[in-house]
Amino acid sequence: MTEAFGKGHHLHLIDGSAFIFRAYHALPPLTRKSDGLPIGAVAGFCNMLWKYIQGGKPSDQPTHLAVIFDHSSKTFRNDIYPLYKANRPPAPEDLRPQFPLTREATRAHNIACIETEGYEADDIIAALSCKARDAGGRVTIVSSDKDLMQLVGGGVGMLDPIKNKDIGPDEVREKFGVGPDRVVDVQALAGDSVDNVPGAPGIGIKTAAQLIDEYGDLETLLERAVEIKQPKRRQTLIDNADLIRISKQLVQLDCDTPLDFTLESLELRDPDPEALLDFLTRMEFRTLTQRVADRFGAEAPVIVEAATVATASAKVELPPIDRSLYTIIRDETVLAEWLAEITQKGIVAIDTETTGLDEMQADLVGVSLCTGPGRAAYIPLGHVGEGAAGDLFGGPTLAEGQMPLERALALLKPVLADEAVLKIGQNIKYDCKILARLGLKMGPIEDTMLMSYALNAGEHNHGMDELSETYLGHKCVPIKDLIGSGKSQIGFAQVPVERAGEYAAEDAEVTWRLWHHFRPLLSREHVATAYEVLERPMVPVLAEMEMAGIRIDADHLRRMSSAFAQKMAALEEEIHGLAGGPFNVGSPKQLGEILFERMGLSGGKQGKTGAFSTSADVLEDLAAEGHDLPARVLDWRGISKLKSTYTDALPTHVNADTGRVHTSYSITGAQTGRLASTDPNLQNIPVRTDEGRRIREAFVAGPGMKIISLDYSQIELRILAHVASIPALKQAFRDGIDIHAMTASQMFGVPVDGMDPMIRRRAKAINFGVIYGISGFGLARNLRIPRAEAQAFIDTYFERFPEIRAYMDRTVAEAKQDGFVRTLFGRRIKTPGINQSGPAAGGARRAAINAPIQGAAADIIRRAMIRMPDAIRDLPAKMLLQVHDELVFEVEEGAVDDLIRIARDVMENAAEPAIKLDVPLIVDAGVGANWAEAH
DNA sequence: CCCGTCACG
DNA sequence: GACGTACGTGACGGGA
């Protein structure tokens, strides 16, 4: 018989989220030894819970106890103010699967575990505090969250669990300058940048407290705002009265949050040793298990690890890969068993097989899963009958022994979306997109390709077959063995199920093994942060952009193609006339022979293949000497390039279902952290010539929409100014003056006003050259000036800006010593060729100088992109493209200004809080009906 | 399949 | 003093 809660009782309410985040940040990224499941925050959480229920002052011992969690990010406050908590970054990927485990941990300790849909933990804590106080009992809120301080008083106190310090009315007054009953008024005025509570601009806690103190309460203050003496403050309060009232609603905690349990049900209970030990053993917490066992006088259960992670210190060889162990999953019962095992383990390697490489078109053929060495399976779903050319009506018949696609997807769906199950893939963006098109969301995710990239960019590529050979010593079955190559190539759906299963399940197992290989290396080699912050979060962002695609005016391109074809035909005729006979103008070989043998022109340079060079450089020189043929060939080439690569090719990339063009971004394609765009490449659409720029007119916004382009101004030079710490350059960027003119002025001692454009052009070339690891030869060629002159410019440049030489020397020395360089944000790029001798060393040296600069710029735009979806989620806008220093959006006409404001803000502040740059980042914006207008 | 060429940042 | 050379990409057509 439980006694009614009342006088003499003491309810403790633990703020669960605070415990979790505290535990997560206080501990290194521990993983469960048997399978690598991230578990650090759970360990810390259990430790804190245990200490809490064991320790404490006897007089303050709880009689009733509950841990309260936030249920989800969306609450009723978002209906009042959509931007509430909009700035919150999503929880780290390796923390997300731990959230459900902390709930389990709470229940394992036999403590009430409370969360309510649509409410924050704070709301439940408030309602419970009111109820307990009204019943005559005492309450202690275990949290240091200032939002809860309004609840203090009348038998309700707070305890800061980190400092182990009581928070009473005096402490609240110290923090807010007012008593607990006026805390919300002060918060409403001051706002909160962390939760994105707007408040009144320019008013902080100090001013707010002073105003509330003077006028008594918020409503009185707002009503009598006209009486305020300071004109600016008076106007702010009058202008923002509504926003302030909304802010108050956001911070106000009410007593009437619905509770579907009684205070009595929170009565402190002893843990059930068996349940608690079972949980701790499953998590493989040795110390905690022992401690709890000791406390209960029980024998600590032996922790058996199913598998052992291979580490450098204790490398345990896994058995070799054995394809005969794999299972083909043909019915729902077997699939359900596998999914149960996956849910229990909390981790799975996954791979999808499809009919093609274009993930916007390919159909799913099968899914493979792996939960451990030798424990892999393949679910065939779309294989066609063996030898069957099709049924009587021409449609392909499905092979026997496959479960219906819809059933398999329905069973997979909750597991793929389960926050507590980590999904590991190799290039998992591909699988995410295939599954997303079938209505399946996948998360949280890990990607072995990205792990390899974080560890070894610059060292080698990151395809699975290569990684498997290098790190597992295992040669994968080449896909060509199954589908052939060239003309006789077949689709994966035509591969017999048994054969496909071996191949597909092997891929999943290799992925699983690679994950176990790479995961401990990330923190050991100090690239875990780069992986977590710069690589992994890109997956959902890019998947969304790629699936959005961009609208193309194919007719516009086709018209251009026809016009180009006519021009080319005319030029061809003219060229043949000049050459004295027909030849293939597109053949450098034939052209070289005509120019340098038949016509006997000078300047013929033969490369290593023995062929004459006919590059634009060479032809331009010849044209400048007055020869017509090379000039016409240059014209022809320009048009030919535009036609074949753009106006002809782009319309073929329009997706039949969406009517848009969907590029694919490679996250690991470039060594520096830049993205690479393929199929089609939308990062090299012409812009430098008027004719080329017309191709951008074909990239159009939908009806009622606009294209917006936002690009960083001079980002690499700004980064150079920061990393090399060049005072003159930094000051120029702070003052917003023309950077190339400034450089020229410093170098040649001429004033910026009325500067010869030629002088500025030279300075600009040097500024860019520096970023690339300048050489006299390269600059001479770029500027078409004698090499000695170019060298003299460079010498002057280094004299004027000695910090640049120091930076270059420093970077090369670092690369030689460590074998890698790092960007400001911790991205690591290996420099394998740096210690070579001979000509190859020059290239490696320049690459090492360039990588931290190009890489930091890439890091910054990645950071912006990762924050962008959340920042613009309430706008009718989509992020479509990235072109290294530019982001392209499509937005409804009415929201253009909002988008520019918000996206620019995200981009300009993207370096923070990781790095506070010494120079400002500036973003230029353009709007139009198409990309040409917007750029 | 490699090479030369050329589009972009 | 000679090597070779601006940094990072992807797509196309020609030709073996």
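The sequence lines fix the lettering, A, B, ..., with proteins before strands; numbering per chain opens at 1. Fair warning: this is a prediction, and the values are worked out from it, not measured in the lab.
- A:R781 has a side-chain polar atom (N or O) that falls below the 4.0 Å cut-off from OP1 or OP2 of C:dA6.
- Within the nucleic acid shown, A:I771 has no heavy atom closer than 4.0 Å to any nucleic acid atom.
- The nucleotide whose nearest atom lies closest to any side-chain atom of A:N681 is, among C:dA11, C:dA6, C:dA16, C:dA11.
- Contact check, A:N684 against C:dT9: no side-chain N or O comes under 4.0 Å of OP1 or OP2.
- Exactly one residue among A:Q590, A:E593, A:R637, A:K589 makes a side chain to side chain donor-acceptor pair (under 3.5 Å) with A:T614. That residue is A:R637.
- Listed candidates were C:dG8, B:dT5, C:dG10. Nearest to the side chain of A:T678 is C:dG10.
- Using a 4.0 Å heavy-atom distance criterion, A:A857 is classed as making no nucleic acid contact.
- In this model, the phosphate group of B:dT5 is approached by a side-chain N or O of A:T614 to a distance below 4.0 Å at OP1 or OP2.
- Comparing C:dC7, C:dA6, B:dT5 by their nearest atom to the side chain of A:A847 picks out C:dC7.
- Protein atom CZ of A:F564 is 12 Å distant from nucleotide atom P of B:dA7, rounded to whole Å.
- Within the nucleic acid shown, A:I853 has no heavy atom closer than 4.0 Å to any nucleic acid atom.
- For A:D679, the side-chain atoms get nearest to C:dA11 when compared with the rest of B:dC6, C:dA11, C:dT5.
- Using a 4.0 Å heavy-atom cutoff across all strands shown, A:G586 reaches sugar-phosphate atoms only and no base atom.
- A sub-4.0 Å separation between OP1 or OP2 of B:dC8 and a side-chain N or O of A:R696 is absent.
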Next on the checklist: As a quick check of understanding, evaluate side chain to side chain donor-acceptor pair (under 3.5 Å) for A:S677 and A:Q683, giving each step before the final call.
Outcome noted: CA-CA 6 Å; A:S677 160; A:Q683 289 181 323; 4.9 Å; no
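- Between the side chain of A:R637 and the base of C:dG13, no donor-acceptor pair of N or O atoms lies under 3.5 Å.
- Between the C1' atom of C:dA6 and the CG atom of A:N850 lies a distance of 10 Å, rounded to the nearest Å.
- Atom C1' of nucleotide C:dC7 and atom CD1 of A:I715 are separated by 16 Å, given to the nearest angstrom.
- Listed nucleotides: B:dG9, C:dG4, B:dA7. Nearest to the side chain of A:R787: C:dG4.
- Separating the P atom of C:dA6 from that of B:dC6 is a span of 14 Å, rounded to the nearest Å.
- For the pair A:L881 CG and B:dG9 P, the interatomic distance rounds to 13 Å; values are reported in whole Å.
- Ranking C:dG15, C:dA11, B:dG9 by closeness to the A:Y772 side chain, first place goes to B:dG9.
- Atom-to-atom, CH2 of A:W636 to P of C:dG13 comes out at 10 Å; the value is rounded to the nearest Å.
- Regarding contacts with the backbone of C:dC12, every side-chain N or O of A:K643 stays at 4.0 angstrom or more from both OP1 and OP2.
- Comparing B:dA7, C:dG13, C:dG14 by their closest approach to the side chain of A:S587 singles out C:dG14.
- Residues A:L783 and A:R762 have side chains in contact (heavy-atom distance under 4.5 Å, counting atoms from C-beta outward).
- Rounded to whole angstrom, the span from the CD atom of A:Q590 across to the P atom of C:dG14 amounts to 9 Å.
- When the P atom of B:dC8 is taken as reference, atom CD of A:E691 falls 12 Å away, rounded to whole Å.
- Among the heavy atoms of the strands lying under 4.0 Å from A:S775 is at least one base atom, whether or not backbone atoms are also near.
- Taking the C1' atoms as reference points, B:dA7 lies 31 Å from C:dC3, given to the whole Å.
- Using a 4.0 Å heavy-atom criterion, one finds that A:S677 contacts the sugar-phosphate atoms exclusively.
- For the pair A:I861 CD1 and C:dT9 C1', the computed distance is 15 Å after rounding to whole Å.
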ask   = Passes side chain to side chain donor-acceptor pair (under 3.5 Å), A:Y712 versus A:D924? Steps please.
value = CA-CA 6 Å; A:Y712 285 108; A:D924 298 322; over 6 Å; no
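- Within the 4.0 angstrom heavy-atom criterion, no nucleotide atom of any strand lies near A:E716.
- Among the heavy atoms of the strands lying under 4.0 Å from A:A765 is at least one base atom, whether or not backbone atoms are also near.
- Out of B:dT5, C:dG10, B:dC6, the shortest distance to the side chain of A:P588 is found at B:dT5.
- Among the atoms of the strands shown, none is found under 4.0 Å from any heavy atom of A:E886.
- Taking the six-membered ring where the residue is Trp, A:F748 and A:F793 present perpendicular rings, their angle passing 60° and hence far from 30°.
- Salt bridge status for A:R558 with A:D648: absent, with no side-chain N to carboxylate O gap under 4.0 Å.
- In this structure, A:F768 and A:H740 have tilted ring planes: the angle between them lies in the 30° to 60° band.
- Using a 4.0 Å heavy-atom criterion, one finds that A:A858 contacts no nucleic acid atom at all.
- The nucleotide whose nearest atom lies closest to any side-chain atom of A:R846 is, among C:dA6, B:dT5, B:dA7, C:dA6.
- Proximity note for A:D885 (side chain, C-beta onward) versus C:dG15, B:dG9, C:dG8: the nearest is B:dG9.
- Counting all heavy atoms, side chain and backbone alike, A:Q426 lies closest to A:L467 at OE1-CD1, 3.9 Å.
- Remark: C:dG1 base-pairs with no nucleotide in the shown strands. Criterion, Watson-Crick or G-U wobble with two distances under 3.5 Å.
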